[in-house]
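Presented below is the structure to which this report refers.
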Amino acid sequence: MASIKDVAAEARVSVATVSRVLNDHPSVSPAARAQVLAAVETLGYRPNAVARSLRTDQTRTLGLVISDVLNPYFTELARSVEEEARALGYSVIIGNADERPELQDHHVRTLLDRRIDGLLVSPTDGGSPLMLDAARAGTAMVFVDRWIPGMDVPVVRADGRTAIHDLVTHLHTLGHRRLAIIAGPAATTTGSERVDAFREALQAYGLPLPDAYIGQGDFQAASGRRATEEFLDLPEPPEVVFAADNLMALGALDAIRARGMRVPDDIALAAFDDIAWFVHTDPPITAIAQPTPELGRAAVRALVDRIEGRPPQSVTLPARLVVRRSCGESPGEPPYPHTSPHTSPQRSNT
């Protein structure tokens, strides 16, 4: 990414002249201004993304880049972010990455160019040079739900590890032994973390997780459908499909019904990221619920702390298992019927 020094060299002027042009100072000659603006265009220089020090005022505006606005989890998260920001005197501009890294960076760049005061991001993958440069330049930033390892940015997220162990304990108690997972993208922290927690929980019961029982998804319904179709085509299909997000779970349900099969009579289904719709499916789906409104509010508070000069803190809140009827439960099944032999949940060190 071009720096202000690169712009000065391209325009053959001083860094101070570039700074004056970018701040619309009247002392710069028309010729010098034209040279600088031409260099900015040639190099694709983004002053608000890389040179935070050039900012002279606050807009009382926050940027939020979410992974998929069609995912009810992120819709609820965005609503809580907007409500908390408004209560603190800030407005929010939202960008939808649609689980595409290039679209994510487009929104980040656009928001920074609009001179927002701070940025909330749920990253679509494990790395973004643009966000790394912005963070190094001092942009106020907080990761929510997902994060980029190695970046010194506060993280607000839910810890689903304990809830996944509770789910496996619940399934084991019901007599299920062949458990499969539809995983999210390995490039995302939530995608890899949920698979690791699921494998760890199975190992605690001496249960295997064969490669054939790991379906690769992308947090979209179509991938849940494809992965489940592959599971059902196996010589020994799984007894349970655990989808690592709600849209993939709905895709899995479509695939099961398309085969003329019923949940849970023919195959059980569970999901990560509980949504209101799961109560209305037939049967209602057992799921892991994240404290989504609390995450949104905590993320805004952490970002505003950073903007207003207070030390921001990473926050980790617990997810919980919500037992319904999609895994063969009896009416009134308690959420945690037995004690699982899992280890303590991991916490964020950010």
Presence of salt bridge, E200 and R161, under 4.0 angstrom
yes
Test item: R306 side-chain N/O and P312 main-chain N/O as donor-acceptor pair under 3.5 Å:
no
If you measure from the Lys or Arg side-chain nitrogens to the Asp or Glu carboxylate oxygens, is any gap between R177 and E239 under 4.0 Å?
no
For D282, is there an ion pair with R257 - N to carboxylate O distance below 4.0 angstrom?
no
Given side chains that start at C-beta, do those of D117 and Y90 come closer than 4.5 Å, heavy atoms only?
yes
Does S3 offer a backbone N or O that forms a donor-acceptor pair with the side chain of D6 under 3.5 Å?
yes
Can you name the closest pair of heavy atoms from G63 and I116 and give their distance?
N-CD1, 3.8 Å
Mind checking whether P264 and R325 have side chains closer than 4.5 Å, heavy atoms only?
no
D145/R157 ion pair, N-O < 4.0 Å:
no
Q104 versus D98, side-chain donor and acceptor atoms under 3.5 Å:
no
Do V240 and P238 have side chains that get closer than 4.5 Å, going by heavy atoms?
no
Ignoring hydrogens and geometry beyond distance, is a side-chain donor-acceptor pair present between D274 and N246 at under 3.5 Å?
no
Can you tell me how the ring of F272 sits relative to the ring of F242, calling it parallel under 30°, perpendicular over 60° and tilted otherwise?
tilted
Heavy atoms, side chains only, cut-off 4.5 Å: are T61 and V92 in contact?
no
CD (E102) with more than 12 external heavy atoms under 6.0 Å
yes
Salt-bridge test for E82 and R86: reply yes if a basic N is under 4.0 Å from a carboxylate O, no otherwise.
yes
With the side chain counted from C-beta on, respond yes when L171 and C327 share a heavy-atom pair under 4.5 Å apart, and no when they do not.
yes
Close side-chain approach of V36 to V7, heavy-atom, < 4.5 Å
yes
What I want to check is whether the side chains of T110 and D113 have a donor and an acceptor closer together than 3.5 Å.
no
Verdict with reasoning, R324 to E329, per salt bridge (charged side-chain N to carboxylate O under 4.0 Å, His left out):
CA-CA 7 Å; R324 296 193 178 102; E329 296 91 345; over 6 Å; no
Sole candidate of L77, V65, V155 that passes side chain to side chain contact (heavy atoms under 4.5 Å, CB included) when paired with V144:
L77
Say you draw a straight line from OG1 of T281 to CG of L250; how long is it, rounded to the nearest 0.5 Å?
8.0 Å
Donor-acceptor side-chain pairing of S223 and D218 below 3.5 angstrom
yes
Does a salt bridge link R199 with E193, judged by any charged N lying under 4.0 Å from a carboxylate O?
no
Is it the case that atom CZ in R12 sees more than 12 heavy atoms from other parts of the structure closer than 6.0 Å?
no
Using 0.5 Å steps for rounding, measure from the CG atom of L88 to the CZ atom of R297.
11.5 Å
With side-chain contact (heavy atoms from CB on, under 4.5 Å) as the criterion, how do E236 and R178 come out once you've worked through the C-alpha distance, each side chain's angles and the decisive distance to 0.1 Å?
CA-CA 9 Å; E236 190 173 43; R178 299 195 308 276; 3.5 Å; yes
Using atom types as modelled and distance alone, determine if a side-chain donor or acceptor of T139 lies under 3.5 Å from a backbone N or O of A134.
yes
Is any side-chain heavy atom of T124 closer than 4.5 Å to one of R100?
no
S122 and F74, any side-chain heavy atoms less than 4.5 Å apart
yes
Can you confirm whether more than 12 heavy atoms, excluding those of R79, are under 6.0 Å from its CZ atom?
no
What's the spacing between D273 CG and F278 CZ if we round to 0.5 Å?
8.0 Å
